[in-house]
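In what follows, chains carry the letters A, B, and so on, assigned in the order in which the sequence lines appear, proteins first and then strands, with residues in each chain numbered from 1. Below, each value reflects all heavy atoms present in this structure, side chains not excepted, and no hydrogens, waters or symmetry copies. As the structure is a computational prediction, the values presented were derived from the model and not from experiment.
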2 protein chains.
Amino acid sequence: MILQIDFKAGKPVYLQLVDQIRYAAAAGRLRPGEPLPSIRPLAEELRVNRNTIAKAYAELESQGVIETLPGKGCFLKVNSSPFTKPVRDKLLLTEIDEAVVMAHHLQIGRDKFLALVQERLDYFERKSTQHDSAE
Amino acid sequence: MILQIDFKAGKPVYLQLVDQIRYAAAAGRLRPGEPLPSIRPLAEELRVNRNTIAKAYAELESQGVIETLPGKGCFLKVNSSPFTKPVRDKLLLTEIDEAVVMAHHLQIGRDKFLALVQERLDYFERKSTQHDSAE
DNA sequence: TTTGCTGTCCTAGAACTGTAGGACAGTGGG
DNA sequence: CCCACTGTCCTACAGTTCTAGGACAGCAAA
């Protein structure tokens, strides 16, 4: 887990961490069951308060991405997504709609949009299978 | 333009308006060149300060979605997107990646994801052509 | 010009958010 | 048990954000 934060990015540090960890999990760079860096050492390394890391982990836990074993640490969840199917569908639909609306305003056509989507799906799929076999 | 705001949604009012207008434009419910509701009447109707509406419009203008003609009002832009191609690509890619990462964590597979994307593309396309011809 | 509309700038206060430090609770090896 | 580690809760404060009201500038019809 290589985590980097940008203090002058405008974006809150804890959200930068949330995004990076979500992304890393989707790319297979962080695998189910694997432990996340523990809060205090990571806080020291990144030069932030431990509660900033704790807040990121709490957010990830509420999203069902990680789980906390009291006294042991935080781990990437094996079976992600604690939400019901309708809730999951709604969450995803919102994201998809945002992308589709964005494409409209950027005047990017259906074909190019679909090509980009497939490209990114390939990218994440390739990455995660790489990490499954080798690494 | 039917705009509705939810004061207990947690989301800032001006952002609710930005989203609704972007969405309406993408769905063809608001067409290029068409005027937006003027600030003061809309503010009164929605029971918010005029600056809240003004802030939403300012944000939309900075996104290249609408334009302001001094003394006349705000109108949906005809040729949207004042950004360069690399910037547009990066903006869209960010949105797409968010959706793809979300799908991963919701354990929604590639096929269902692609089906949903196409469904939403169809939805917006259909809506906007409906509004082009009829109504 | 006057009137009434359009959006805009400036300022201010209330509310919220992000970050931080102290004290506490669960776990496991010596 | 005791110590060193794990994460958590509580409180606090600085900074930002959101919303709001007053005064101002551009446009157009009477």
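Considering only the side chain of Tyr14(A), dG18(C) comes nearest among dT19(D), dG18(C), dT8(D). For Glu61(A), whose side chain is taken as the heavy atoms from C-beta onward, the closest listed nucleotide among dT19(D), dT6(C), dT8(D) is dT8(D). In this structure, the nucleotide among dG7(D), dT6(C), dT19(D) sitting nearest to the side chain of Thr68(A) is dG7(D). Each of dT8(C), dT19(D), dA20(C) was ranked by its minimum atom distance to the side chain of Asn49(A); first place goes to dA20(C).
Whole-Å rounding puts the Gln16(A) CD to dT17(C) P distance at 18 Å. Separating the CG atom of Leu36(B) from the P atom of dT8(C) is a distance of 12 Å, rounded to the nearest angstrom. Following rounding to the nearest Å, Lys8(B) (NZ) and dA15(C) (C1') show an atom-to-atom distance of 19 Å. Following rounding to the nearest Å, Ile39(B) (CD1) and dA20(D) (P) show an atom-to-atom distance of 14 Å. Straight-line distance from the CD1 atom of Ile5(A) to the P atom of dG18(C): 15 Å, rounded to whole Å. Atom-to-atom, CG of Leu69(A) to P of dG28(C) comes out at 10 Å; the value is rounded to the nearest Å. As a whole-Å value, the separation of Glu44(A) CD from dG21(C) P is 12 Å. The distance from atom CD of Glu67(A) to atom C1' of dT6(D) is 15 Å, rounded to the nearest whole Å.
Between Arg88(B) and Ser81(B), some side-chain heavy-atom pair lies under the 4.5 Å cut-off.
Looking at Asp19(B) and Lys11(B), a side-chain N of the basic residue comes within less than 4.0 Å of a carboxylate O on the acidic one, giving a salt bridge. Salt bridge status for Asp89(A) with Lys112(B): present, with a side-chain N to carboxylate O gap under 4.0 Å.
The side chain of Lys72(A) places an N or O atom within less than 4.0 Å of a non-bridging phosphate oxygen (OP1 or OP2) of dG28(C). Lys55(A) has a side-chain polar atom (N or O) that falls below the 4.0 Å cut-off from OP1 or OP2 of dG18(C). Considering only side-chain N and O atoms, Thr52(A) lies under 4.0 angstrom from the phosphate OP1 or OP2 of dA20(C). Between Asn51(A) and dT19(C) there is no side-chain N or O to OP1 or OP2 distance below 4.0 Å.
Cation-pi contact between Arg110(A) and Phe113(A): absent, since separation from the ring centre below 6.0 Å together with deviation from the ring axis within 45° is not met.
Residue whose closest nucleotide on DNA chain D sits further toward the 5' end, between Pro12(B) and Tyr57(A): Tyr57(A). Between Ala58(B) and Arg40(A), the residue anchored closer to the 5' end of DNA chain C is Ala58(B), taking for each the nucleotide with the nearest heavy atom.
Not a single donor-acceptor contact under 3.5 angstrom links the side-chain atoms of Arg50(A) to the base of dG7(D).
By the neighbour-count criterion of 12 heavy atoms within 6.0 Å, atom CD of Glu34(B) is densely surrounded, having more than that number from other residues, nucleotides or ligands.
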